[in-house]
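To start, the structure itself, in structure tokens.
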Amino acid sequence: MKKVLLALLAGLAVLLAACGNGGGAPSGAGAKTVAGVSRENPLLVNKEQKTVTVYTEVNGKYFTTPTRHGVVFKDGSNGDKAILKAWVSPQDFYKALMDIGGVPGNNVTLETKNAVVEGSDLQMKVTWEGAGREYDFAQIVKDDAGQGFKPRFGGNEERAVAKKTGCIFCLDSCPVGITSNAAYPQGSFDSGKVKFFGNQELLPPDGTPVAVIFSLK
């Protein structure tokens with residue numbers, strides 16, 4: 001009888017463990033490292049190569065829902081509104097870009113209209129486990145107006161701290177995001193001129209760790 005009871009308890013433990021794993025769905029497991037970053041170490045700065053790598057996870061909601069947020073810190077007020085949810089704060093990201101020689105534009109403000117973000121030209125690449133390569137950021141986002149992406153180091157450090165939105169990369173020119181897209185002037189998304197979606201045909205499933213690699217052009 002004792003052996004039967006022990007066997008039943010062991011089976012129950014296995015069942016509970018399986019349930020806790022979410023049925024095998026991507027967990028965004030903190031133990032996973034991609035391109036040298038993870039939840040525990042989400043920022044990698046290479047001053048020699050002038051690159052900043054940020055740990056993020058896919059937010060599958062924006063495969064079908066439009067957004068103007070490309071990469072946002074998970075603890076910001078816009079943390080759940082981006083295609084990629086980051087584990088790096090805007091303040092740390094700003095400092096990292098400065099450390100590799102970036103020059104902030106600081107030309108888009110809450111008072112400007114239709115401004116185009118300035119600052120250092122950036123290249124953005126992404127990769128994930130099993131990708132086998134790095135992809136241009138433009139390949140993982142669909143913009144229905146077809147103007148593409150011109151990432152710039154917009155700056156906005158003080159405003160980013162004050163607003164606490166968490167915005168790291170905005171998909172049109174932005175007065176708060178540390179970086180944003182010069183291909184679309186300020187207000188392009190809000191005015192309905194463009195809609196942005198995550199490219200479900202290329203990006204891995206919801207919750208998958210993705211490294212975003214920013215570099216100076």
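Only heavy atoms go into these numbers, but all of them, side chains included; no hydrogens, no water, no symmetry mates. The first residue in the sequence is number 1, and the count goes up from there. From a predicted model like this one, the values you see are computed outputs, not experimental measurements.
Distance check: Leu43 CG to Lys95 NZ gives 9.5 Å after rounding to the nearest 0.5 Å. The NE2 atom of His69 sits 9.0 Å away from the CG atom of Asp172 when rounded to the nearest 0.5 Å. The OH atom of Tyr55 sits 11.5 Å away from the CG atom of Asn41 when rounded to the nearest 0.5 Å. Taken from CG in Asn107 to CD in Gln186, the straight-line distance is 9.0 Å, to the nearest 0.5 Å. Taken from CD in Gln49 to CD1 in Ile100, the straight-line distance is 10.5 Å, to the nearest 0.5 Å.
The backbone N or O of Gln139 sits less than 3.5 Å from a side-chain atom of Asn199, completing a donor-acceptor pair. No donor-acceptor pair closer than 3.5 Å links the side chain of Thr165 to the backbone N or O of Ser77. Judged by distance alone, the side chain of Thr65 and the main-chain N or O of Tyr62 form no donor-acceptor pair under 3.5 Å. No donor-acceptor pair under 3.5 Å is formed between the side chain of Asp136 and the backbone N or O of Lys125. Between the side chain of Ser173 and the backbone N or O of Val116 there is no donor-acceptor pair closer than 3.5 Å. Side chain of Asn46 to backbone of Thr51: no donor-acceptor contact under 3.5 angstrom is found. Counting only distance, with no hydrogens or angles, the side chain of Ser191 and the backbone of Gly187 share a donor-acceptor pair below 3.5 Å. Checked by atom type and distance alone, the side chain of Thr33 never pairs as donor or acceptor with a backbone atom of Ser38 at under 3.5 Å.
Counting only heavy atoms from C-beta outward, the side chains of Asp92 and Phe73 never approach each other to under 4.5 Å. You'll find the side chain of Phe153 reaches within 4.5 Å of the side chain of Met98, heavy atoms only. A heavy-atom distance below 4.5 Å is not found between the side chains of Val54 and Val37. Ile83 places none of its side-chain heavy atoms less than 4.5 Å from the side chain of Phe197. Taking the side chain as every heavy atom from C-beta outward, Leu84 and Val58 approach each other to under 4.5 Å. Counting heavy atoms from C-beta on, the side chains of Lys85 and Asp80 come closer than 4.5 Å. Side-chain contact between Asn181 and Lys150 is present, with at least one heavy-atom pair separated by less than 4.5 Å. Side-chain contact between Asp121 and Arg152 is present, with at least one heavy-atom pair separated by less than 4.5 Å.
Closest non-hydrogen pair, Cys174 versus Cys170, comes out as SG-SG, 3.5 Å. Nearest heavy-atom pair, Asp143 versus Gly148, reported as atom, atom and distance to 0.1 Å: OD2-N, 3.0 Å. Closest heavy-atom contact between Glu157 and Ile178: CA-CD1, 4.3 Å. The heavy-atom pair separating Pro185 from Asn114 by the smallest distance is CB-O, 3.6 Å. For the residue pair Thr127 and Ala35, the shortest heavy atom distance occurs at CG2-CB, 4.0 Å. Here the shortest heavy-atom pairing between Ala160 and Pro90 reads CB-CB, 4.3 Å.
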Please evaluate residues Leu97 and Thr179 with respect to the criterion side-chain contact (heavy atoms from CB on, under 4.5 Å), reporting the C-alpha separation (whole Å), side-chain torsions for both, the decisive distance (0.1 Å), and the verdict.
CA-CA 10 Å; Leu97 287 181; Thr179 60; 3.7 Å; yes

Are Tyr184 and Gln147 close enough, and set up right, to give a side-chain contact (heavy atoms from CB on, under 4.5 Å), and what steps lead you there?
CA-CA 7 Å; Tyr184 288 97; Gln147 292 177 207; 3.3 Å; yes

Step by step, would you call Val212 with Val126 a side-chain contact (heavy atoms from CB on, under 4.5 Å)?
CA-CA 5 Å; Val212 184; Val126 296; 4.0 Å; yes

side-chain contact (heavy atoms from CB on, under 4.5 Å), that's the test. Do Asp190 and Arg68 meet it? Break it down for me.
CA-CA 8 Å; Asp190 289 339; Arg68 67 181 298 268; 4.0 Å; yes

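Under the 4.5 Å side-chain contact rule for hydrophobic residues, Val141 and Trp128 share a cluster. Residues Val71 and Leu171 share a single hydrophobic cluster, defined by chaining ILVMFWY side chains whose heavy atoms lie under 4.5 Å apart. Val108 and Tyr94 fall into different hydrophobic clusters, where Ile, Leu, Val, Met, Phe, Trp and Tyr side chains are chained together by heavy-atom contacts under 4.5 Å. Both Val45 and Leu122 belong to a single network of hydrophobic side chains, linked directly or stepwise wherever heavy atoms of I, L, V, M, F, W or Y lie under 4.5 Å apart. One hydrophobic cluster holds both Leu202 and Phe169 under the rule that ILVMFWY side chains link at heavy-atom gaps under 4.5 Å.
Aromatic ring centres of Phe93 and Phe214 lie closer together than 6.0 Å.
No salt bridge links Lys74 with Glu57; every basic N to acidic carboxylate O contact stays at or beyond 4.0 Å. In this structure, Lys195 does not pair ionically with Asp144, as no charged nitrogen and carboxylate oxygen lie closer than 4.0 Å.
Residue Gln91 qualifies as enclosed at atom CD: its count of foreign heavy atoms under 6.0 Å is above 12.
Using cut-offs of 30° and 60° on the angle between ring planes, the pair Phe196 and Phe149 is tilted.
Legend: salt bridge (Lys or Arg N to Asp or Glu O under 4.0 Å) pairs involving residues 175-189, not counting sequence neighbours: none detected.
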